[in-house]
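Working notes, structure below.
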Amino acid sequence: MPILQVAIPVPLFNPLFDYHPPLHASETQLQAGIRVRVPFGTQECVGMIVAIKTHSDYPELKTAYECLDTVPLIPKPLLEMYAWASQYYCYPLGQVIAATLPPKMMAGASTHIELPPDVLWCLTEEGRKHANNTFPAHQQRFAILLDLLKNIPIGYDESTLALALSNPRPTLRALQKRGWIAPLPKQSPSEIHPPLPLNHAQQHVVHTVCAHAQQFYPCLLDGVTGSGKTEVYLQLLQIVLHSGRQALVLVPEINLTPQMVARFQQRLPLALVVLHSQLPDTTRLHAWLAARDGQATVIIGTRSAVWIPLAKPALIIVDEEHDPAYKQQDSFRYSARDVAVWRARQAGIPVILGSATPSLDSLYNTKQQRYHYFHLPERAGNALHPSYRVIDMRQQPRHSPFSPELQKNIQYCLQEKQQVLLFYNRRGYAPTFMCYSCGWIADCPRCDAHLVYHDNVRELRCHHCNYVQNVPIHCPQCQSHSLHPIGQGTEKLAEQLQQLFPHARIARIDSDTTPSYQEMNDLLTKIHAQEIDILLGTQMLAKGHHFPAVTLVGIINADAGLFSIDFRATERMAQLLIQVAGRAGREALPGMVLIQTYHPEHPLLHCLIQQGYGAFAESALTERLNAQLPPYCRLALLRVGAKTLELAIEFLNQAKYTAEQLPDFNSQIRLLGPVPAPMIKRKNRYHAQLLIQSSQRNLLQRFLPQWLSALQQKQRSVSTRWSLDVDPLDLM
DNA sequence: AGCACGCCGACT
DNA sequence: GTCGGCGTGCTC
C-alpha cells in the first residue's frame, strides 16, 4: 500500500506528514499535486500530496479522508518551483503552497467552474444614449459600468471590470438584457492598435531575444524613461502570441499602472489576463486555471503572479525590476524578480528585466556575464532631457518648505499652463504632535514612534502599526490646551501650497488619498485633461506614470536618502530621483528638476546629477565591494520579536551558539550581532536581529536549512516570534 | 497556525 | 467552589 506525503499549511520547518491513502481513492488519484482532506491533530484540513512513498518512519499513520482532485491540480514544474522556493527561502513547503495558490484552493474549492466568457463588453448605440443618465441609488452599479465602457471603444473583459466593480457579472447580464451593452468576441482584432516603428536599439533587443527564444536567456533592459521599453515588450509579446505560447509580465503595483494595462489591452486583447491583489477570489481562481491550461496567453500581474502556472511558457518580463515592491516584506519573504529568473531557467526561456534605473544586483550580474545587457539610450520622439538644479536649503529662509526659487518656477509653470509635480516622502499632516507648555509628544503606545497627525480626519495615527486615536483636547500630562502639530507632511504641504498659489488646482497623491485602482484612474484622467495644476505626493508618484504636461519636478527634501543606516538607501534615493525626474518634459517641452537639500555637496548628488545613473551605479558598486556588501556577498537576517529586548537578544545569542556548533558552519559564514533592531519596539514587541553573511551563496544555502531545523527543535518552547529573511532588502 | 491541557487569580 | 487568563506542547 503506498503512503502519501502531504504538505500541510502550518508554520513548522518540516510540514510534511505521512498518511494512508483514502479508502475510496483510485490509483490515479495517488499522485503529487492532488489535494487531500486529512485529519490533523484534533481538526481537519486540506493538504497537498507532494510525494508517494512506499514506507514511512512514523509508526501510527492516520488515513486521509478523501482526494479533492481527480487529476493533479499542480503541474510538475510548479511543484518543483515550490520545493526550490521552500528550500531557498527557508519557508515551510505547506505554507509556500498555501500562500501562493489562489486563496480558494486550499479552502477546498472545486476547480470545475464555469469560466467567465472570453469576451469584451462594449456599449451599444442604445447604451451610448443612456451612458450619461443619472441613475437612482440602487442602480449605481449601472452608472459605474456605463461610465467605464463609454471611454473605451474596444471594450473591457470581465476581469478588468472586476477591478472597478466587484462581481460585475450580474450587472453585465442586466445591462445586456436591456440591450445597452453587447459582448464582442475577443478574437476580432479589428481595433487592435498597430505596432509602432522601432528604432535601432529596440530592434536589436527584439531580434536578439527572438534568436534565443528556445533557451534560458536572462537579460537586463536598461532604458531611460520614455526610451520605449514598453514597445519592446509589446512586440515581443506579439511574437509570443503568434507562436501559440504564453508570457508572464510582472509589474510592481498594478493599481498604479492602469495606463500600462490599458496599453496592453489595446494592443493584445487576445487572452490577456490581469492579476492583482484586489481581484475577487473567484476571478483569481479563474485566471490561475486559464493560465495553467494555456487559454490565457499573456498574464500581467504583480509580485504574486510569479507563482501562476503556465502550460506553454515562452517569455517572462519583469518591468521596473529595481522596485522594492517585488520583495514580499512579511511572512513568505520571496523576491518575485529572483523567482522569475529561476523560473525562466527552469523553463529554458528568456527573461527580461527592464528598468531605467537597474538595481545594483542586476548590473552586477551583467558585469559577471550572467545576464545579457541591452541599452536603450534615446528618448523616443523629440523629448529633451531634463535639467537638474540643486537648491542649497541652508541659504534659504527657514519659514517655508518651498524655497523662493522653487516658488518662482512653480509660478512660471502655472502662468504657462504647465503642470508641476512635487515630491515629498511623508504622509499625513505633521509627523509629530506636541504640547508647547510641557513638551509632551504623542507617541504610539505600541511602537517606538511618534504618532502622525492627520488633519482631514483629525486623528493621530501610527504609520508602523496602524494604531489610531482621536486628537486629545488638552495635554494628557499638564492639561494645557496648547497642543500643536510640528513638522511637515504632504497634507500640510498641500495646505501651504494652496496659500501660496490660491488659484492653483492641487491634487495630493499618497496612500491616504488614493488607495484604490479606480480613484487612481480617475485622478490620472483629470491630470491628463489638465484639470490639475500641481501634483503633490509620495513615492507613489514616481512609479511609471506618464505626465506629458509636467515640466517642473520639485524634490522638497532629498536628504532622507542620503544619510541612512541602510546600505541600500542611497541606491533607492538615486533611483527615486531619476524616476521622478523621468516624469518631466516628456513631449516638446523641456523639463526641469529642482532638488532641495541641506547637503548640496553630497558626492552622491554630484555624481548622479553630473554623470547620470550609470556613473552613480559604478561608484556605488565600488563602495559595496569595499564594504563586502551585496551584490558582493549574500545576506540573510534572523529577526526576532519578544516580550522584552533582553529576551530577544538572548534568543539570538542562543541561535548564534547553535549555529557555531553545526557541521556546515565554517569561517566563510559570518554571524554579525545580535543587535537591537533600528526600531526596537513595534506592535508591542521588542525586536532584535542577527545578520548572516557569506561570500558564497551555496554555503549559506546548505547551512541555513540545517540551522533552522536545529533552532526549531531547541527553541520550541520560547515565546518569541522569529523569522528568517533570505536576501533581505533592508536591514530594518 | 490552531487547539488542548494545565495551573493560578477574581467572580456569581 | 468555577470561569478564564496565557504558558507549553503537539500535530503523520
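So you know, we letter chains A, B, ... as the sequences are listed, proteins then strands, and number each from 1.
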Next on the checklist: Please evaluate residues A:Arg682 and A:His687 with respect to the criterion side-chain hydrogen bond (donor to acceptor under 3.5 Å, both in side chains), reporting the C-alpha separation (whole Å), side-chain torsions for both, the decisive distance (0.1 Å), and the verdict.
Outcome noted: CA-CA 7 Å; A:Arg682 282 192 319 265; A:His687 297 263; 3.2 Å; yes

Checklist entry - side-chain hydrogen bond (donor to acceptor under 3.5 Å, both in side chains) between A:Ser362 and A:Glu321: does it pass, once the steps are laid out? => result CA-CA 9 Å; A:Ser362 296; A:Glu321 64 88 25; 2.8 Å; yes

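Scanning residues 89-102 of chain A for heavy-atom distances under 4.0 Å to DNA chain B yields an empty list. Sorted by residue number, the members of residues 27-43 of chain A with any non-hydrogen atom under 4.0 Å from DNA chain B read A:Thr42, A:Gln43.
Looking at A:Tyr58 and A:Glu60, their side chains never bring a donor and an acceptor atom within 3.5 Å of each other. A donor atom on one side chain and an acceptor atom on the other are not found under 3.5 Å apart for A:His322 and A:Gln575. In the model, A:Arg333 has no side-chain atom that pairs as donor or acceptor with a side-chain atom of A:Gln328 under 3.5 Å.
With rounding to whole Å, A:Glu60 atom CD is found 14 Å from C:dC10 atom C1'. The CZ atom of A:Phe17 sits 13 Å away from the P atom of C:dC10 (whole-angstrom rounding). As a whole-Å value, the separation of A:Tyr58 OH from C:dC10 P is 10 Å.
A 4.0 Å heavy-atom criterion places the boundary nucleotides of DNA chain B facing chain A at B:dA1 to B:dA4, written 5' to 3'.
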Residues 40-52 of chain A, side-chain donor-acceptor partners within the protein, below 3.5 Å, at least two apart:
{"residue": "A:Glu44", "atom": "OE1", "partner": "A:Arg37", "partner atom": "NH1", "Å": "3.0"}
{"residue": "A:Glu44", "atom": "OE2", "partner": "A:Arg37", "partner atom": "NH1", "Å": "2.8"}

Please list, one pair per line, the donor and acceptor atoms closer than 3.5 Å that link side chains of residues 91-99 of chain A to other protein atoms, with sequence neighbours excluded.
none

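Paired with A:Pro728 under the rule side-chain contact (heavy atoms from CB on, under 4.5 Å), one option of A:Leu731, A:Val726, A:Leu724 passes, and it is A:Leu731. Put simply, the residue from A:Ile308, A:Leu310, A:Leu73 that forms a side-chain contact (heavy atoms from CB on, under 4.5 Å) with A:Arg292 is A:Leu73.
Using cut-offs of 30° and 60° for the angle between ring planes, the A:Trp707 and A:Phe703 rings count as parallel.
Using a distance-only test at 3.5 Å, with no hydrogens or angles considered, no donor-acceptor pair links the side chain of A:Arg670 to the main chain of A:Ser667. Using a distance-only test at 3.5 Å, with no hydrogens or angles considered, a donor-acceptor pair links the side chain of A:Arg35 to the main chain of A:Ala109.
Separating the OG atom in A:Ser304 from the CZ atom in A:Arg284 is a distance of 6.0 Å, to the nearest 0.5 Å.
Residue A:Leu12 is in base contact, counting any heavy-atom pair closer than 4.0 Å across all strands shown.
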Just the atom pairs and distances: protein N or O near nucleotides 4-6 of chain C's N or O, under 3.5 Å.
none

